Amino acid sequence: HHLGREAHMSGTYLHLGGQYVVPRASVAGIFDIDNTTSARSTREMLAAAEKNGEVINAAEDLPRSFVLCEEGGRRRVYLSQLSPAALQRR
């Protein structure tokens, strides 16, 4: 989702970096890429999401986290250069 800055300021959206924001209510989880991609199940989920066109790269640099969102029955995985801790503080 590309939304204006006023949406970010409302607190109902999570700013992922760059121009990407998502509704907080759609966030199913925020995950550290380094800590979670060692698990086979996580790698398989990310590979399936990539194959299905569900991965959106919001990272301007190397991604440090991914944010799993579900909205209207659709899954999206956003890659972010921000750490999970930084995203959770936003």
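Keep in mind it's a predicted model, so treat the numbers as computed, not measured. All values below were derived from every heavy atom in this structure, side-chain atoms included, with hydrogens, water molecules and symmetry-related copies excluded.
In this structure, D32 and S65 have side chains that are not in contact, with every pair of non-hydrogen atoms separated by 4.5 Å or more. Looking only at side-chain heavy atoms (C-beta outward), T12 and R24 stay at 4.5 Å or farther from each other.
The shortest heavy-atom contact between L87 and L16 is CD2-CA, 4.0 Å. L46 approaches V55 most closely through the heavy-atom pair O-CG2, 4.2 Å. In plain terms, the two heavy atoms of A59 and Q81 that are nearest each other are CA-OE1, 3.1 Å.
Interatomic distance, K51 NZ to E44 CD, rounded to the nearest 0.5 Å: 12.5 Å. To the nearest 0.5 angstrom, Y78 atom OH is 10.5 Å from L14 atom CG.
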### Query
Could you go step by step and tell me if V67 and Y20 meet the side chain to side chain contact (heavy atoms under 4.5 Å, CB included) rule?
CA-CA 11 Å; V67 180; Y20 291 90; over 6 Å; no
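R75 meets the salt bridge (charged side-chain N to carboxylate O under 4.0 Å, His left out) test with E54; sequence neighbours excluded.
Using modelled atom types, one side-chain atom of R43 and one backbone atom of T37 make a donor-acceptor pair closer than 3.5 Å.
Following chains of ILVMFWY side-chain contacts shorter than 4.5 Å, one can reach F31 starting from V77, so the two form part of one hydrophobic cluster.
Applying side-chain contact (heavy atoms from CB on, under 4.5 Å) to L79 and the options L62, I56, I33 leaves one that passes, I33.
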